[in-house]
Amino acid sequence: MVNQKQSWGIIGGGILGMTLALRLAERGYKVTILEASSKPGGLTGSINMNGIVWDRFYHVILMSDLNTRKIIKEIGLEHNLKWVETKTGFFSDGKLYSMSNIFEYLKFPLIGLVGKFRLGLTIIAASIIKDWRRMEKIPVEKWLKRWSGKKVFEKIWLPLLRAKLGEQYKETSASFIWSTIQRMYAARRTGLKKEMFGYVSGGYDRIISAFVAKLTDSGITVITNYKVRKVYSDNPGRITIEDGYSEKIHFDAVISTLPSDISVNIAPDLTIKEVEKHKAIKYLGVICPSVILKKPVSQYYVTNITDTWPPFTGIIEMTALVDPRELGNMHLVYLPKYAEPDNELFNMNETELKDYFINSLLRMYPFLSEPDIIHWSLSKAGRVFALPTLNYSVNLPSVSTSMYGYYIINSAQIINGTLNVNETIRVAETKLEEILRE
Ligand SMILES: Cc1cc2nc3c(=O)[nH]c(=O)nc-3n(C[C@H](O)[C@H](O)[C@H](O)COP(=O)(O)OP(=O)(O)OC[C@H]3O[C@@H](n4cnc5c(N)ncnc54)[C@H](O)[C@@H]3O)c2cc1C
């Protein structure tokens, strides 16, 4: 049983770690965050692109992201939230199509009327279904073929699944598509049926700075450049942390927010069985170039790609959402590619990747040429989201471990949602409640 004097160590200063720390401090605990890099933020961190500071991975806030909006309010930035009606595009058979309303959908030439009807039905079915546990038992391919038919599956769903999941789509359950559609539907339910997306002026750089200030004001210690290498219990009721260089740090309890395999690798005393369970969680990573351009490429925040030749999953045109004045009147696009951590793209050198990605971008938009490209930067992360495999929630390890006082709460605990900041905050809050009730 924990008491109000206890000290807690949080490994990882991403959104999850910061939320846990804040909620623990509010309950009167003494909290320290240990973060490996020089700044907290993790995947929501920023980069400087030729003087323009913005998220290294693209981020958007939905009107239905109530947990994210709650934190934004708590850190005093709610008046800096901007809402914009955005559009979606499709790049299919070498052409760009707008897909932002029902009329455009009906005009979309890639599938016939019957196909469109079945595709629409699939989306409605996924938005109505409530029992996500049932969806977890069905392979995504089987479920989509049942509702949309083989043709629509091959023309539309398969390229989209491959883009987001690589060949791992074969192991993925229907809950993946269910939660994606549910999130998009929730966004429209709250927002007048229009695609209203939001961002905070200044991007996540500003959110993280305000969040860190709130943590410090709440008495939380944030230690950066501290990469945890070992966690163990050398005294009953005490957890010790080492980075291999500095002095050991002792806590009454520790929560790791790192990916599951890393969380068990740093804790050598865990049982083989629980280590296996954590290591069975498969992750997908992302390679995400960001390109600063002199001119826009489209009017779409997201352009989905059904052609197979571009190396990227889709195009995110940030400045179709964010006012270009925030970015020095330049235009920012991200070219994300999701892939398994051992995908060869992770080993390609930056020049090779740049040629590969930029050449494809120029081929997609022939009006664009090399001199329009002002800056390129490459961000990558090997373990971004846990693959929702069949019966995912049933096989998920508990957040408590056999080492008393050591817990693992990470985004792999998102069981009926997609990976996003809103779900990450929800997992932090609900799982923390669970362990405090223990
Ligand atoms: C390409 C991309 C696009 C996205 N788009 C959106 C979006 O539009 N909207 C949205 O809401 N969400 C989006 N997300 C998701 C969002 O970024 C994540 O949900 C969230 O940032 C996850 O936070 P986390 O704390 O769980 O993990 P992380 O951010 O990964 O935090 C883990 C932290 O642990 C640190 N760490 C690692 N090893 C150690 C160690 N040994 N010792 C100490 N510290 C360590 C890391 O440096 C990191 O800071 C996107 C993510 C990506 C990658």
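For the numbers below, each heavy atom of this structure counts, side chains included, while hydrogens, waters and symmetry mates do not. Each ligand, and each atom within it, is numbered from 1 in the order the structure gives.
For Asp261 and Arg383, the salt-bridge test passes: some basic side-chain N is under 4.0 Å from an acidic carboxylate O. Ion pairing between a basic and an acidic side chain is recognised when a charged N comes within 4.0 Å of a carboxylate O; Arg133 and Glu136 show no such pairing. Ion pairing of Lys87 with Glu104 is absent here, as no side-chain N (NZ or NE/NH1/NH2) approaches a carboxylate O to less than 4.0 Å. Using a 4.0 Å cut-off between charged side-chain N and carboxylate O, Glu171 and Lys282 make a salt bridge. The existence of a salt bridge linking Glu434 and Lys431 is confirmed by a sub-4.0 Å separation between a basic side-chain nitrogen and an acidic carboxylate oxygen.
Of the N or O atoms in Tyr58, one or more lie within a sub-3.5 Å distance of an N or O in ligand 1. Here's the thing with Asn422: none of its N/O atoms is less than 3.5 angstrom from an N/O atom of ligand 1. Between Leu419 and ligand 1, not a single N/O pair is under 3.5 Å apart. For the pair Val286 and ligand 1, the shortest N or O to N or O distance does not fall below 3.5 Å.
Taking each heavy atom of Val222 and Pro40 in turn, the nearest pair found is CG1-CG, 3.9 Å.
No heavy atom of Phe385 sits closer than 4.0 Å to any atom of ligand 1. Judged by the shortest distance from any of its heavy atoms, Ile11 lies inside the 4.0 Å radius around the atoms of ligand 1. Assignment of Tyr334 to the shell around ligand 1 is not supported, since no heavy atom sits closer than 4.0 Å.
Regarding atom 25 (O) of ligand 1, its nearest protein heavy-atom neighbour is Leu16 N, 3.0 Å. When only non-hydrogen protein atoms are considered, atom 32 (C) of ligand 1 lies nearest to Gly14 N, 4.3 Å. Residue, atom and distance of the protein heavy atom nearest to atom 16 (C) of ligand 1 are His59 NE2, 3.5 Å. When only non-hydrogen protein atoms are considered, atom 52 (C) of ligand 1 lies nearest to Phe57 CB, 4.0 Å. In this structure, atom 42 (N) of ligand 1 lies nearest to the protein heavy atom Val228 N, 2.9 Å. Nearest to atom 20 (C) of ligand 1 among the protein's heavy atoms is Thr424 OG1, 4.1 Å. The closest protein non-hydrogen atom to atom 49 (O) of ligand 1 is Glu35 OE1, 2.6 Å. Nearest to atom 36 (N) of ligand 1 among the protein's heavy atoms is Leu258 CD2, 3.4 Å.
Residue contacts with ligand 1 for Ala36 involve both N, CA, C or O and side-chain atoms from C-beta outward (heavy atoms, distance under 4.0 Å). The side chain of Tyr338, and not its backbone, has at least one atom closer than 4.0 Å to an atom of ligand 1 (non-hydrogen atoms only; side chain from C-beta on). Contacts between Asn420 and ligand 1 below 4.0 angstrom, taking non-hydrogen atoms only, involve backbone and side chain alike. Heavy atoms of Leu43 found under 4.0 angstrom from ligand 1 belong to the backbone as well as the side chain.
Within 4.0 Å of atom 27 (O) of ligand 1, not a single protein heavy atom is present.
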(message) Show, in sequence, the C-alpha distance, side-chain angles and deciding distance for Thr319 and Glu317, and conclude whether the side-chain hydrogen bond (donor to acceptor under 3.5 Å, both in side chains) test is met.
(response) CA-CA 6 Å; Thr319 32; Glu317 188 154 357; 4.7 Å; no

